[in-house]
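Remarks on the structure that follows.
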There are 2 protein chains.
Amino acid sequence: MDENKKISSAVIRRLPRYYRYLGELLENNVTRISSKELSERMKVTASQIRQDLNNFGGFGQQGYGYNVESLYNEIAKILGIDKQHRMVIVGAGNFGSAVAKYDDFAKRGFVITSMFDKDPEKIGKTISGVKIRPMEELKDYIKMNDIDIAALMIPTEYAIDTAQILVDAGIKGIWNFAHTDLSVPEDVIVENVHLSESLMRLSYNLKNYGN
Amino acid sequence: MDENKKISSAVIRRLPRYYRYLGELLENNVTRISSKELSERMKVTASQIRQDLNNFGGFGQQGYGYNVESLYNEIAKILGIDKQHRMVIVGAGNFGSAVAKYDDFAKRGFVITSMFDKDPEKIGKTISGVKIRPMEELKDYIKMNDIDIAALMIPTEYAIDTAQILVDAGIKGIWNFAHTDLSVPEDVIVENVHLSESLMRLSYNLKNYGN
DNA sequence: ATAGACCTGATATATAATTAACACAGCTGA
DNA sequence: TCAGCTGTGTTAATTATATATCAGGTCTAT
């Protein structure tokens, strides 16, 4: 991989999907696959697959295709999911609790070590083995426990102030479920999950392309 | 709006964000705004805002800018959120319950009328006033109750079969939280929310652009 | 061994999306 | 009222993304 060349975000958007398909192939004991066959399954062009992968190196072989297992592992490395990430959930509400209970993330190496909430009723309780701590401890906890990622799952009105606490604590990435844009230093990565915007796009498409 | 011209999905992706910012301006009693000022708040180019809006018509006025309230309403119409959508939640697990309890969607006109689950323990219970019905009733319920949207929030292994039930029932749109691609007729709209892919992109960006 | 099919990585071309430029309509303030 | 701004909508230029093409390495079957 050429460290200097910036990879387009369009490519990054697609990588997890390649990873998912390769995982399924692996489960079905498929050992090799050509860009052409993968392109038919994924409904994209073979050219795009080859172009995308070649951003990171020549993983394939002429006349053979790609080895499923090694490509799967390579993509994991590229995505940085070949090692664990330590994550906290900020906000033990409905969505925060749902994420805590959903063990797929842990399987992918995103380990939830603690939750935080301001409600005294919730503090001290445990959800799926994850303890809920008071908001006041958030900053120190992140500093002391080598936390990479905070999932921000609190109401919009508190999101900006809480994000500032996360930044002050030295967080590396924020998985933002709040309906607002966060402004953080550029080496702090924000990944937005704006569910209501997703619903609005669905609504638009229903109106314009639906039956 | 030119009914013939297909609007690019890049534009549609941005519309809900414009809508959000305009809503905030409206709450702050701002009556007019120029593309330049909005561009500074949103960290995009003024050119892009004008181009995007002009896909749907000339809402602005030279020397004045855009009227916040009327632009807000226009975008709502474009997105099809000026009228209600009736939605069911398929899968009364953690995420399904979280969505049911989250009243922001209802406020935006996405009304949840029922939930469905296969677990006999859950059937008959109520979450936030929404009744949980057995899976067997899903198809008929959709047909009889004028349901537009189904939120698919069940484990991956059941998703494809259940999506087929939804399609057979004549569903118009599927809000898909399952980690799989659905293949449905092209007039059935699928909006994917793949949370684990979102986390992987965060991981990639942490690795490549983080501190 | 070798002919022929396969399939990549690279390069070239085509398409799409973003940004810049600007003519002029409509606003504002004296 | 009118001179000078302001700020749109439009067209042009630039940049990004996606697709097509193809030379040649590698596999496979005989």
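Chain identifiers are assigned alphabetically (A, B, ...) following the order of the sequence lines, protein sequences preceding nucleic acid strands; residue numbering begins at 1 within each chain.
- Partner of D181(A) under the side-chain hydrogen bond (donor to acceptor under 3.5 Å, both in side chains) criterion, chosen from R41(B), R17(B), K43(B): R17(B).
- Put simply, the side chain of M135(A) reaches to within 4.5 Å of the side chain of V90(A), judged on heavy atoms.
- Looking at L15(B) and I12(B), their side chains come closer than 4.5 Å, going by heavy atoms from C-beta outward.
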Check the interface with nucleotides 7-11 of chain D: list each N/O to N/O pair with the protein under 3.5 Å, or write none.
from    : atom 1 : to     : atom 2 : distance (Å)
dG7(D)  : O4'    : G63(B) : N      : 3.0
dG7(D)  : N2     : Q62(B) : NE2    : 3.2
dT8(D)  : OP1    : S35(B) : N      : 2.8
dT8(D)  : OP2    : S35(B) : OG     : 2.5
dT8(D)  : O2     : Q62(B) : NE2    : 2.8
dG9(D)  : OP1    : F59(B) : N      : 3.2
dG9(D)  : OP1    : G60(B) : N      : 2.9
dG9(D)  : OP1    : G60(B) : O      : 3.3
dG9(D)  : OP2    : N54(B) : OD1    : 3.0
dG9(D)  : OP2    : Y66(B) : OH     : 2.8
dG9(D)  : O5'    : N54(B) : OD1    : 3.4
dG9(D)  : N7     : R50(B) : NE     : 3.0
dG9(D)  : O6     : R50(B) : NE     : 3.4
dG9(D)  : O6     : R50(B) : NH2    : 2.9
dT10(D) : OP2    : N54(B) : ND2    : 2.8
dT11(D) : O4     : Q51(B) : NE2    : 3.2

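- Between K101(B) and V130(B), every side-chain heavy-atom pair lies at or beyond the 4.5 Å cut-off.
- Rounded to the nearest 0.5 Å, atoms CD1 (I89(A)) and CG (D117(A)) are 11.0 Å apart.
- By the 4.5 Å heavy-atom criterion applied to side chains, R133(A) and Y141(A) are counted as neighbours.
- Atoms CZ and CD1, from F116(A) and I165(A) in turn, are 11.0 Å apart once rounded to the nearest 0.5 Å.
- With a heavy-atom cut-off of 4.0 Å to chain B, the contacted part of DNA chain C has its first and last nucleotide at dA17(C) to dT28(C).
- Annotation: side chain of D148(B) is not in contact with side chain of F110(B) (no heavy-atom distance under 4.5 Å).
- Distance check, rounded to the nearest 0.5 Å: CD1 of I81(B) to CG of L199(A) gives 10.0 Å.
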Detail all sub-3.5 Å separations between protein N/O atoms and N/O atoms belonging to nucleotides 1-3 of chain D.
none

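- Residues of residues 67-75 of chain A that place a heavy atom closer than 4.0 Å to DNA chain D do not occur.
- For DNA chain C, the residues of residues 9-24 of chain B within the heavy-atom distance limit of 4.0 Å (strictly under) are A10(B), R14(B), sorted by number.
- Overall bending of the helix from dA1(C)-dT30(D) to dA30(C)-dT1(D), expressed as the angle between end axes built from five pairs apiece, is 30° (10° steps).
- Using cut-offs of 30° and 60° on the angle between ring planes, the pair F95(A) and Y102(B) is perpendicular.
- Relative ring orientation between Y204(A) and Y209(A) is described as perpendicular, the plane-to-plane angle rising above 60° on a 0-90° scale split at 30° and 60°.
- You'll find the side chain of E37(B) stays beyond 4.5 Å of the side chain of Y66(B), heavy atoms only.
- Taken to the nearest 0.5 Å, the CD1 atom of I171(A) stands 12.0 Å off from the CD1 atom of I189(A).
- Between L195(A) and F105(B), some side-chain heavy-atom pair lies under the 4.5 Å cut-off.
- Considering V184(B), I174(B), L182(B) as possible partners of L166(B), the one that fulfils the side chain to side chain contact (heavy atoms under 4.5 Å, CB included) test is I174(B).
- For CD of E157(B), the number of neighbouring non-hydrogen atoms (other residues, nucleotides, ligands) closer than 6.0 Å is greater than 12.
- In summary, the side chains of Q164(B) and D168(B) do present a donor paired with an acceptor at a separation below 3.5 Å, with no hydrogens or angles considered.
- Put simply, T45(A) has no side-chain N or O that comes within less than 4.0 Å of OP1 or OP2 on dA18(D).
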